[in-house]
Amino acid sequence: MKFLRWEKGRQETGYDKMLIATAKWPRPFDMYLLRFFPGHEIPLHKDGVKEGEHHRVNFILKNSKEGGEFICEDSIY
């Protein structure tokens, strides 16, 4: 069971993810908490989907003392 348990991120770049919410109805979604360790990053990428649309909301809960730059080309806010 993945719910509320840390596991390795799918990018295999050193971050961990924890599933904190998911549903298939009325619209499919999932919500993860990510944690990064010093020296790790997610390389530039696009999240693909097989059907429908993909929307992502990112919140930074704690700023890093250095580094930690978040870059997004099509940010709404």
Side-chain angles (χ1 to χ4, degrees):
M1 176 147 192
K2 295 181 179 185
F3 185 66
L4 297 179
R5 298 191 189 283
W6 289 110
E7 64 178 310
K8 296 293 179 193
R10 66 181 178 85
Q11 297 285 337
E12 297 182 17
T13 55
Y15 73 94
D16 291 342
K17 65 181 183 176
M18 178 191 296
L19 180 64
I20 57 174
T22 187
K24 293 187 182 212
W25 187 88
R27 294 185 63 92
F29 79 93
D30 54 23
M31 186 182 309
Y32 286 89
L33 184 62
L34 303 181
R35 68 179 175 186
F36 297 85
F37 299 97
H40 292 107
E41 65 182 5
I42 297 178
L44 183 64
H45 70 284
K46 287 189 177 186
D47 294 319
V49 293
K50 294 179 181 177
E51 61 184 57
E53 297 180 6
H54 184 149
H55 300 277
R56 180 166 311 279
V57 177
N58 294 292
F59 295 99
I60 298 172
L61 300 178
K62 181 179 176 185
N63 287 320
S64 61
K65 292 179 182 174
E66 61 181 308
E69 184 179 4
F70 176 75
I71 300 169
C72 177
E73 274 186 25
D74 296 323
S75 177
I76 296 170
Y77 173 75

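Computation of the quantities below employed the complete heavy-atom set of this structure, encompassing side-chain atoms and omitting hydrogens, waters and symmetry-equivalent molecules.
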Derivation and outcome, side chain to side chain contact (heavy atoms under 4.5 Å, CB included), residues Leu19 and Leu4: CA-CA 6 Å; Leu19 180 64; Leu4 297 179; over 6 Å; no
hydrophobic_cluster_shared for Leu61 and Phe37, side chain cutoff 4.5 Å: no
Approximate separation, where rounding is to 0.5 Å, of Lys2 NZ and Asp30 CG: 9.5 Å
Rounded distance (nearest 0.5 Å) linking atom CZ of Phe29 with atom OG1 of Thr22: 6.0 Å
Asp16 side, atom CG; Glu7 side, atom CD - distance, nearest 0.5 Å: 9.0 Å
Spacing of Leu34 atom CG and Trp6 atom CH2 [to the nearest 0.5 Å]: 7.5 Å
